[in-house]
Peer 1: 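Below: one structure in structure tokens.
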Amino acid sequence: MFEFIRGCLVRKTTDYCVIQVGGMGFRVYAGARTLATLGEAGEEVTVYTYMQVKEDDISLYGFSSREELNTFEICE
């Protein structure tokens with residue numbers, strides 16, 4: 001559904017980041033490699049996304065490149 005998200009990095013944790021876009025904060029789950037490439041809070045970032053929809057959950061996963069996203073989709 002979402003190809004990528006570009007916006008201001010609000011914060012990072014060990015397993016997700018929050019990206020502000022147009023007044024909304026998106027929680028994007030990501031691996032350590034992707035999180036390490038994002039930089040610091042306040043910087044503009046872009047992550048390529050995969051939305052996982054389950055019966056009881058909707059989660060957004062982020063990747064630093066389209067290639068990483070493609071690999072994830074193949075393994076999913």
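What you see is a predicted model, and the numbers here were worked out from it, not measured in a lab.
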Peer 1: Which heavy-atom pair separates A30 from G62 by the least distance, and what is that distance?
Peer 2: CB-O, 3.6 Å
Peer 1: Taking all heavy atoms of Y61 and all of V28, pick out the closest pair and write down the distance.
Peer 2: C-CG1, 3.8 Å
Peer 1: With side chains defined as the heavy atoms from C-beta onward, is the minimum distance between E68 and Y48 less than 4.5 Å?
Peer 2: no
Peer 1: Taking atom CE of M51 as the centre, does the number of heavy atoms from other residues, nucleotides or ligands within less than 6.0 Å exceed 12?
Peer 2: yes
Peer 1: Looking at E40, I want to see if its CD is surrounded by more than 12 non-hydrogen atoms of other residues, nucleotides or ligands under 6.0 Å.
Peer 2: no
Peer 1: What is the minimum heavy-atom distance between L35 and C17, and which atoms define it?
Peer 2: CD2-CB, 3.9 Å
Peer 1: Rounded to the nearest 0.5 Å, how far apart are OG1 of T34 and NZ of K12?
Peer 2: 10.5 Å
Peer 1: Drop me the distance from L9's CG to T46's OG1, to the nearest 0.5 angstrom.
Peer 2: 11.0 Å
Peer 1: Quick one: CD on Q52 to CD1 on I58, what's the gap to the nearest 0.5 Å?
Peer 2: 10.5 Å
Peer 1: Check whether Y16 forms a cation-pi arrangement with R27 (NZ or CZ under 6.0 Å from the six-membered ring centre, at most 45° off the ring normal).
Peer 2: yes
Peer 1: Students often mix this up, so state it plainly: with edges at 30° and 60°, are the rings of F2 and F26 parallel, tilted or perpendicular?
Peer 2: perpendicular
Peer 1: Supply the atom-to-atom distance L38 CG to I19 CD1, rounded to the nearest 0.5 angstrom.
Peer 2: 6.5 Å
